[in-house]
Trainee: 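The structure's right below; bear with me while I get my questions together.
Since the model is a prediction, treat every value here as computed from it, not as a measurement.
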Amino acid sequence: MDKIKMTTPIVEMDGDEMTRILWQYIKDELLLPFIDLKTDYYDLGLVKRNETDDKITTESAEATLKYGVAVKCATITPNAARMKEYDLKEMYRSPNGTIRAILDGTVFRTPIKVKGIDPCVKNWKKPITIARHAYGDVYKASEMVIPGPGIVELVYTDADGNVTKVPVHEFTSPGVVQGMHNLNRSIESFSRSCFNYAIDQKQDLWFATKDTISKKYDHTFKDIFAEIYEKEYRSKFEELGITYFYTLIDDAVARVMKAEGGFIWACKNYDGDVMSDMISSACGSLAMMTSVLVSPSGVYEYEAAHGTVQRHYYKYLAGEETSTNSVATIFAWTGALKKRGELDNIPELMSFAENLERACIDTIESGKMTKDLALITELENPTVLNSLDFIKAVRETLVAACQ
């Protein structure tokens with residue numbers, strides 16, 4: 001059959017290690033045979049980031065602002081061991097953090113449900129979506145190792161030169177200190193993205209912080225959400241019969257464990273990072289969760305919620321067989337293709353992406369899956385496939401469904 005034509009490119013951000021291998025498998029087996037794929041390609045692998053002093057990461061984010069839709073492979077955020085392994089010039093920041101700061105969006109992560117792999121929390125009947133603020137906090141923090149006795153202060157100098165100081169701690173021995181920040185405009189964007197997404201999905205929205213302890217930082221988040229909800233969204237929520245409520249993060253955790261799901265849980269940056277991993281793991285696998293960054297300006301960046309699968313990559317380099325789950329990476333591509341088709345009015349592209357998602361789920365539900373899922377499925381006698389053979393099995397399911 002003729003390949004589906006595209007009119008506007010998707011920004012393609014390649015990545016690292018095993019997910020980079022899967023990335024090419026997916027393109028070769030599931031995309032290029034069916035689509036005249038147009039992408040604006042950026043190699044965000046650690047080698048290229050080091051060669052460009054990480055400028056390529058910023059360039060990829062700027063291209064996303066231009067074209068409106070991006071798809072990203074998992075990338076390495078280097079630590080001391082990676083510095084040595086890759087002979088890096090410096091310990092570069094998280095590419096995701098850089099991109100999210102430029103796009104100023106909110107990350108929405110939702111488990112991918114399949115029959116035979118039920119959540120560990122038995123009362124979770126519907127997926128829980130995590131809405132993660134994607135700017136600031138610990139990901140943009142400044143840190144210092146304190147060598148010995150001394151005083152640490154927060155110092156603010158306004159435009160007129162007036163200085164305000166707040167004591168942090170008087171050290172009597174070595175320690176560490178960290179300074180975080182956020183911006184009202186980013187919190188406002190975060191809140192609107194959450195409210196709009198809840199309206200789009202017709203789901204209740206929860207928001208949780210720890211304002212009883214963080215009486216200025218977290219309380220600012222709480223106040224901004226409340227003000228914008230009352231002024232702009234209350235009537236829309238009431239018309240749809242959905243609710244918004246705020247609670248403390250520890251109370252939210254207790255409520256979530258007893259809920260049946262089907263709602264959106266908005267979290268600050270670090271909270272969202274942790275809680276999305278918790279929910280994805282409880283629902284089967286880190287590789288079974290969609291992730292999309294939505295900016296208030298209508299820009300979308302799709303990615304897998306997991307890392308680069310380093311252990312499998314080293315096995316791959318040693319010539320050993322791997323069984324790496326590629327579902328979240330496939331769904332990153334399908335999410336981007338659906339959005340590109342929607343924005344460019346190409347229904348064939350949207351339909352193809354939906355069929356590919358269905359093919360992934362049908363393949364797993366037929367008993368063909370990677371090892372991580374075979375270990376937890378309730379299906380009897382599953383067939384464990386290696387990394388490439390699973391993708392080929394998805395292709396067979398896709399082709400059979402389209403005939």
Trainee: Please work out which of the three classes, parallel, tilted or perpendicular, describes the rings of Tyr316 and Tyr313, given edges at 30° and 60°.
Mentor: parallel

Trainee: Give me each pair satisfying side-chain hydrogen bond (donor to acceptor under 3.5 Å, both in side chains) with a member in residues 254-266, each pair once, sequence neighbours excluded.
Mentor: Asp251-Arg255

Trainee: Walk me through it: do Thr377 and Met369 pass the test side-chain contact (heavy atoms from CB on, under 4.5 Å)?
Mentor: CA-CA 9 Å; Thr377 185; Met369 61 193 73; 3.9 Å; yes

Trainee: Tell me, yes or no, whether the heavy-atom count around Arg185 atom CZ, taken from other residues, nucleotides or ligands under 6.0 Å, exceeds 12.
Mentor: no

Trainee: Does the side chain of Asp14 come under 3.5 Å of the side chain of Tyr41 through a donor N or O and an acceptor N or O?
Mentor: yes

Trainee: When Phe207 is tested against each of Tyr244, Phe225, Phe263 for ring pair (Phe, Tyr, Trp, His ring centres under 6.0 Å), which residue passes?
Mentor: Phe225

Trainee: Pro9 and Tyr67: which non-hydrogen atoms are nearest, and at how many Å?
Mentor: CG-CE2, 3.5 Å

Trainee: Got a sec: does the CE of Met144 have more than 12 other heavy atoms crowding it under 6.0 Å?
Mentor: no

Trainee: Ignoring hydrogens, what is the shortest heavy-atom contact between Asn50 and Tyr86? Give both atom names and the distance.
Mentor: ND2-O, 4.5 Å

Trainee: Using only heavy-atom distances, determine whether the side chains of Glu143 and Gln178 contain a donor-acceptor pair under 3.5 Å.
Mentor: yes

Trainee: Are side-chain N/O atoms of Tyr156 and Asn162 paired as donor and acceptor at under 3.5 Å?
Mentor: no

Trainee: Quick check: do Arg340 and Thr8 have side-chain heavy atoms less than 4.5 Å from each other?
Mentor: yes

Trainee: Quick one, Leu373 and Leu375 - any side-chain contact, counting heavy atoms below 4.5 Å?
Mentor: no

Trainee: Got a sec: does the NZ of Lys371 have more than 12 other heavy atoms crowding it under 6.0 Å?
Mentor: no

Trainee: Assess, by modelled atom type and distance only, whether the side chains of Tyr197 and Thr129 contain a donor and an acceptor separated by less than 3.5 Å.
Mentor: no

Trainee: Which of parallel (below 30°), tilted (30 to 60°) and perpendicular (above 60°) describes Phe221 and His133?
Mentor: perpendicular

Trainee: Within the structure provided, determine whether Val121 and Asn123 are in side-chain contact (heavy-atom separation under 4.5 Å).
Mentor: yes

Trainee: Is it true that the side chains of Thr370 and Asp372 contain a donor and an acceptor less than 3.5 Å apart?
Mentor: yes

Trainee: What is the minimum heavy-atom distance between Gly335 and Glu357, and which atoms define it?
Mentor: N-OE2, 4.2 Å

Trainee: Once salt bridge (charged side-chain N to carboxylate O under 4.0 Å, His left out) is applied, do any residues pair with Lys27, and if so which ones, sequence neighbours excluded?
Mentor: Glu12

Trainee: For Thr397 and Thr363, does a side-chain donor sit closer than 3.5 Å to a side-chain acceptor?
Mentor: yes

Trainee: Once you measure the plane-to-plane angle for Tyr300 and Tyr302, does it fall in the parallel (<30°), tilted (30-60°) or perpendicular (>60°) bin?
Mentor: parallel

Trainee: How about Ser193 and Asn196: does a side-chain donor come under 3.5 Å of a side-chain acceptor?
Mentor: no

Trainee: Rounded to the nearest 0.5 Å, what's the gap from CG on Leu205 to CD1 on Ile242? Could you check?
Mentor: 8.0 Å

Trainee: Please report the closest heavy-atom contact between Asn355 and Cys402, naming both atoms and the distance.
Mentor: ND2-SG, 4.3 Å

Trainee: For a salt bridge (Lys or Arg N to Asp or Glu O under 4.0 Å) check, start with the C-alpha distance between Arg358 and Asp362, then their side-chain angles and the critical distance, and finish with the verdict.
Mentor: CA-CA 6 Å; Arg358 186 71 251 169; Asp362 287 348; 2.9 Å; yes

Trainee: Verify the neighbour count for atom NZ of Lys48: are there more than 12 heavy atoms of other residues, nucleotides or ligands below 6.0 Å?
Mentor: no

Trainee: Can you tell whether the side chains of Arg20 and Asp43 come within less than 4.0 Å, N to carboxylate O?
Mentor: yes

Trainee: Check whether the side chains of Ser186 and Asp104 place a donor and an acceptor atom closer than 3.5 Å, and report yes or no.
Mentor: yes

Trainee: Between the side chains of Glu188 and Asn184, is a donor N or O closer than 3.5 angstrom to an acceptor N or O?
Mentor: no

Trainee: Evaluate whether atom NZ of Lys89 has more than 12 neighbouring non-hydrogen atoms of other residues, nucleotides or ligands under 6.0 angstrom away.
Mentor: yes

Trainee: State, yes or no, whether a side-chain contact exists between Arg132 and Lys268 at a heavy-atom distance under 4.5 Å.
Mentor: no

Trainee: Using distance alone, with no hydrogens and no angle criterion, decide if His181 and Tyr217 have a side-chain donor and acceptor under 3.5 Å apart.
Mentor: no

Trainee: If you take all heavy atoms of Ala63 and Asp40, which pair is closest and at what distance?
Mentor: CB-OD2, 3.7 Å

Trainee: Just so I know, are the side chains of Trp23 and Cys73 near enough to count as touching, which here means a heavy-atom distance under 4.5 Å?
Mentor: yes

Trainee: Run the side-chain contact (heavy atoms from CB on, under 4.5 Å) test on Asp218 and Ile213 for me, step by step, so that the C-alpha distance in whole Å, both residues' side-chain angles and the decisive distance to 0.1 Å come before the verdict.
Mentor: CA-CA 8 Å; Asp218 281 21; Ile213 301 300; over 6 Å; no

Trainee: Please determine, by modelled atom types, if Asp344 and Thr7 share a side-chain donor-acceptor pair under 3.5 angstrom.
Mentor: yes

Trainee: Set out, in order, the CA-CA distance, both residues' side-chain angles and the distance that settles side-chain contact (heavy atoms from CB on, under 4.5 Å) for Val294 and Val292, then state yes or no.
Mentor: CA-CA 6 Å; Val294 182; Val292 56; 4.0 Å; yes

Trainee: Which heavy atom in Pro95 sits nearest to a heavy atom in Lys72, and how many Å separate them?
Mentor: CB-CE, 4.4 Å

Trainee: For the NZ atom on Lys368, are there more than 12 heavy atoms of other groups (residues, nucleotides or ligands in this structure) within a distance under 6.0 Å?
Mentor: no

Trainee: With the side chain counted from C-beta on, respond yes when Arg192 and Glu232 share a heavy-atom pair under 4.5 Å apart, and no when they do not.
Mentor: yes

Trainee: Do Tyr42 and Thr57 have side chains that get closer than 4.5 Å, going by heavy atoms?
Mentor: no

Trainee: Ser291 and Arg109: side-chain donor and acceptor closer than 3.5 Å?
Mentor: yes

Trainee: Would you mind checking if Lys231 and Glu227 are paired as a salt bridge, meaning a charged N to carboxylate O distance below 4.0 Å?
Mentor: yes

Trainee: Evaluate the side-chain contact (heavy atoms from CB on, under 4.5 Å) criterion for residues Ile364 and Ile117: first the C-alpha distance (whole Å), next the side-chain angles of each, then the deciding distance (0.1 Å), finally the verdict.
Mentor: CA-CA 10 Å; Ile364 295 169; Ile117 301 174; 4.3 Å; yes

